[in-house]
There are 2 protein chains.
Amino acid sequence: MLDLESVRLFALVAEYGNLTRAAEAAGTVQPVVSQRIKSLEATLGRRLLDRSPRLVRLTEAGTAFLDHARNLLAAHEAAIAAVDIVPSHITIGISDHALGTHLDLVLKRLRMALPPHATMAVNLGQSADIRDRFESGQIDLAIIRREHGTEGGEVLGSDALQWRVPSGWSWSDGPLPLVLLPSPCSVRAVAIRVLDQAGIPWRETFTGGSCLALAAAVRAGLGVAPLGDSIGGDLAMVPASAGLPTLPASQIVMLARTPNPATSAAARALAASVHDLLA
Amino acid sequence: MLDLESVRLFALVAEYGNLTRAAEAAGTVQPVVSQRIKSLEATLGRRLLDRSPRLVRLTEAGTAFLDHARNLLAAHEAAIAAVDIVPSHITIGISDHALGTHLDLVLKRLRMALPPHATMAVNLGQSADIRDRFESGQIDLAIIRREHGTEGGEVLGSDALQWRVPSGWSWSDGPLPLVLLPSPCSVRAVAIRVLDQAGIPWRETFTGGSCLALAAAVRAGLGVAPLGDSIGGDLAMVPASAGLPTLPASQIVMLARTPNPATSAAARALAASVHDLLA
DNA sequence: CTTGGTTACGGCCGCCGTAATAATA
DNA sequence: TATTATTACGGCGGCCGTAACCAAG
C-alpha cells in the first residue's frame with residue numbers, strides 16, 4: 001500500500017525538478033524527500049526518477065506514474081473536501097520588480113499548492129505599497145524586493161540589479177535616458193541615487209506601470225532600465241565601456257502571516273518557487 | 001494527510017457492517033480497525049460510523065465519505081497498475097452445499113478484494129470433487145462442507161443440516177420423499193445414513209444439480225431436502241412431530257493455497273464473508 | 001568550489017497486537 | 001451470556017531531521 005505523503009513528494013519533485021525545492025514546498029528537508037522517493041520506488045519495484053546532483057528527471061515509469069499520482073492526490077483532496085469543508089481565502093501581494101516575467105510560473109505553483117476550493121486574490125504593485133498592505137493586515141503573503149540590511153521577513157535570495165539596454169545600444173553623450181517605474185519605487189530611487197553620486201546626468205524617457213512595460217520600452221530603444229538580474233529576460237546588459245555605476249544587489253523577501261494550514265502551504269510553495277528562480 | 005490503510009479499513013467496515021469481519025478481510029485484528037477508524041475520524045473531524053456492539057452503521061458524513069473513499073482506493077489501484085502490472089489469476093472452487101443462496105454476496109466481496117486486473121474463475125460443484133481439484137492443484141481456494149473431525153483446512157464455522165419442507169407439509173405414511181443432489185454427495189450420504197439407522201423408509205423424488213434447484217423442488221411439494229441451516233432461505237423446518245432423526249452439524253471449511261498476495265487477499269475476504277454468514 | 005543528492009544515525013512517535021473491560025441484545 | 005466494540009499497554013519498526021559524505025558542473 002502506497003503512502004500518500006510519498007506520492008505527494010514525488011509529484012512535487014516532478015514539478016520542481018529538484019528534491020531540495022520539493023522539500024521546501026512540502027515543509028520538510030531534502031534527505032526526507034530522498035528517503036521517501038527511494039522507498040516509493042522500492043514498493044513499486046521501479047525507478048521513477050533519474051537523479052544526479054545537477055539534474056533530476058522522470059524515467060519512463062515515472063512519467064507513466066505521474067498522471068496516476070496526480071489523480072490519486074486529486075481523489076484524496078476530493079475525499080477530504082466531502083466531509084471537511086474548510087473554506088479559505090488567501091490574499092497575496094507581489095512586487096512587480098521581484099518576479100517580473102516569472103509571475104505565471106509562480107502563480108501556477110501557488111495554485112497547485114492550495115486545496116482546490118481555496119480562493120486566492122493577487123495584488124501586483126510596488127514593494128512599499130505591498131509592505132504597507134501586509135502590515136495593515138490586508139494581505140497574508142507578500143514577495144517584495146528591498147535593499148540589503150532591512151529587517152523582517154524571510155530572505156529568499158539576493159538578486160543584483162542590472163542596467164538593461166536595447167541590443168546594440170551605445171550611449172554617446174547627453175543625459176542618460178532612463179526607463180523607470182513611477183515613484184515611489186525603491187528600484188527607481190536606488191538607480192537615481194547611484195547616478196547622482198557618480199555625477200552622471202540623466203533624464204526620464206519612459207515611465208511605466210510594470211516591468212513588462214519597462215522591458216518593452218527598452219526594446220523600443222527608449223533608454224536603459226534598472227531591472228533585476230533574474231527578470232531581465234532577453235535584454236542585453238549595459239557594456240562596461242559605458243561607464244555606468246554598478247547597481248547594488250537587493251534582496252527578494254517573503255512576508256508571511258500564516259493563520260491556517262492553507263496559507264502556510266502557500267507560503268512554502270511561494271518560497272520554494274522564488275528560491276528556485278534565484279538559484 | 002489521510003493514510004490509505006485507514007481508508008481501506010473504513011471501506012471494509014462499511015461493506016461488512018462489522019469491525020471484526022473487516023479486520024479478518026484485511027488480515028489484521030479488530031482493535032487495530034477500531035484504532036484506525038478512530039484516528040481517521042479524528043483527522044477528518046467527523047464521526048463516520050455509529051458503532052455499538054450489535055450494530056455498526058454509517059453516519060451521514062460516513063455515507064458522503066464512502067463514495068470518495070472508494071474513488072480514492074480505485075485511483076490507488078490504478079496508480080500501482082500503471083507501473084507494476086502483476087497479472088494474476090485465481091481459481092476458486094465452491095461447494096454448492098456450503099454457500100447455496102449466498103453465492104452472489106460472497107462472489108461480490110471476493111471480486112472487491114482482488115486488484116481489478118486480476119482474473120478469477122469459479123468452479124461450482126460438490127465437496128468431494130472440489131477437494132480433489134484442490135489437492136491436484138487445479139484450484140487455489142475452496143469452500144467445502146464436510147463432517148466434523150476430518151483434518152485439514154481452516155474451519156470457518158459449523159452449520160447444522162436441517163430437513164427443509166414445503167410450508168404446511170405433513171408426512172402421513174409411506175416412504176419419506178427425498179429431494180437430493182446426485183451421488184457422490186456427502187450431504188446426500190449422511191441424510192440417507194441417518195434415515196437407515198432410524199429405520200425410516202425413503203424414496204428419492206427429485207435429484208437436482210444445485211441447492212437452488214433443490215429448494216425449488218421442495219417449494220413445489222416434491223419432498224423434504226437436507227439443507228444447511230444458513231442456506232435454507234425461506235423454507236420451513238420439518239416439525240418435530242414428524243419424528244425425523246436430527247441431522248448432524250457439519251463444518252464449512254476453507255482450503256487455501258496462497259502463492260501470491262492477491263490470492264491471500266482473496267482467501268481473507270472469502271473467510272470473512274463466510275464467517276459472517278455463519279454467525 | 002559550490003550546489004545538491006545520498007548515507008549514517010539517534011531519538012521518538014505511533015502502530016501493532018495481546019489482554020482486560022465495557023456494553024448490548 | 002455471548003458477541004463485539006473500546007481501552008490499556010508493551011514492544012518494536014520506521015520516520016524525521018541533523019550531520020557527514022560524495023558527485024557533478
Side-chain angles (χ1 to χ4, degrees), chain A residues 1-10 12-43 47-59 62 156-159 230 268 271-279, chain B residues 1-10 12-43 47-59 62 156-158 230 268 271-272 274-279:
Chain A
M1 203 121 216
L2 305 180
D3 81 295
L4 288 174
E5 181 63 13
S6 297
V7 175
R8 171 167 158 264
L9 290 176
F10 166 72
L12 284 172
V13 171
E15 171 61 30
Y16 287 91
N18 182 313
L19 275 68
T20 306
R21 303 290 167 255
E24 287 179 34
T28 182
V29 295
Q30 190 272 346
V32 172
V33 179
S34 190
Q35 290 171 175
R36 301 293 283 244
I37 297 290
K38 194 177 174 185
S39 89
L40 183 62
E41 289 175 328
T43 58
R47 201 153 180 80
L48 298 175
L49 298 168
D50 278 330
R51 314 194 267 292
S52 85
R54 284 295 173 181
L55 184 63
V56 173
R57 68 158 180 267
L58 292 166
T59 63
L156 300 179
S158 181
D159 190 44
S230 67
R268 287 195 304 266
S273 292
V274 176
H275 199 170
D276 202 25
L277 295 176
L278 300 181
Chain B
M1 204 122 217
L2 305 180
D3 80 296
L4 288 174
E5 181 63 14
S6 297
V7 174
R8 172 167 156 264
L9 289 176
F10 166 73
L12 283 172
V13 171
E15 171 62 30
Y16 287 91
N18 181 314
L19 274 67
T20 306
R21 302 292 166 255
E24 286 179 35
T28 182
V29 295
Q30 190 271 347
V32 171
V33 179
S34 189
Q35 289 170 176
R36 301 293 284 245
I37 297 289
K38 194 178 175 184
S39 87
L40 183 62
E41 290 176 328
T43 57
R47 201 153 181 79
L48 297 175
L49 297 168
D50 279 331
R51 313 194 269 291
S52 85
R54 285 294 173 180
L55 184 63
V56 173
R57 68 157 180 266
L58 292 166
T59 64
L156 300 178
S158 182
S230 65
R268 287 196 304 266
V274 176
H275 199 172
D276 202 26
L277 294 176
L278 299 181

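Sequence lines set the chain letters: A, B, ... in the order given, protein chains first and strands last, and positions in each chain run from 1.
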Exercise for the section: Select base, sugar-phosphate, or nothing to describe what A:T28 touches, counting heavy atoms under 4.0 Å on all strands. Expected result: sugar-phosphate
Practice task
Do nucleotides 2-9 of chain D as a string where each nucleotide becomes B, S or -: B if the base has a protein heavy atom under 4.0 Å, S if just the sugar-phosphate does, - if no protein is that close.
Solution key: BBBBBB-B
Practice task
Please name all residues satisfying salt bridge (Lys or Arg N to Asp or Glu O under 4.0 Å) with A:R21, sequence neighbours left out, ordered by chain then number.
Solution key: A:E24, A:D276
Handout entry: Nearest-angstrom distance from the residue atom NE2 of A:H275 to C1' of C:dG4
Key = 11 Å
Practice task
Establish, with yes or no, whether the OP1 or OP2 oxygen of C:dG14 is under 4.0 angstrom from a side-chain nitrogen or oxygen of B:R36.
Solution key: no
Practice task
Calculate the interatomic distance between A:Y16 atom OH and C:dG5 atom P; express it in whole Å.
Solution key: 14 Å
Fill in the blank from the handout: Applying salt bridge (Lys or Arg N to Asp or Glu O under 4.0 Å) to A:R8 and not counting sequence neighbours gives A:E5
Exercise for the section: Rounded to 10°, tell me the angle between the two end axes of the helix from C:dC1-D:dG25 to C:dA25-D:dT1, each built from five pairs. Expected result: 40°
Practice task
Using a 4.5 Å cut-off on heavy atoms from C-beta on, say whether the side chain of A:L19 contacts that of A:V56.
Solution key: yes
Fill in the blank from the handout: B:R268 meets the salt bridge (Lys or Arg N to Asp or Glu O under 4.0 Å) criterion, sequence neighbours left out, with none
Problem - Protein-nucleotide distance (B:L40, atom CG; C:dC15, atom P), rounded to Å - result: 12 Å
Practice task
Rounded to the nearest 0.5 Å, what's the gap from CE on B:M1 to CG on A:D3? Could you check?
Solution key: 9.0 Å
Completion exercise
Separation between CG (A:L2) and OG (A:S39), nearest 0.5 Å, reads 9.5 Å
Practice task
Could you tell me the separation between the OG1 atom of B:T28 and the CG atom of B:L9, rounded to the nearest 0.5 Å?
Solution key: 7.5 Å
Exercise for the section: Could you state the atom-to-atom distance from CD of B:E5 to P of C:dG14 in whole Å? Expected result: 18 Å
Exercise for the section: Can you measure from CG (A:L49) to OG1 (A:T59) and round to the nearest 0.5 angstrom? Expected result: 6.5 Å
Handout entry: Set of salt bridge (Lys or Arg N to Asp or Glu O under 4.0 Å) partners for B:R47, sequence neighbours left out
Key = B:E41
Handout entry: Separation of atom CD in A:E41 from atom P in C:dG5, rounded to whole Å
Key = 13 Å
Exercise for the section: Quickly work out the A:L9 CG to D:dG17 P distance and round it to whole Å. Expected result: 11 Å
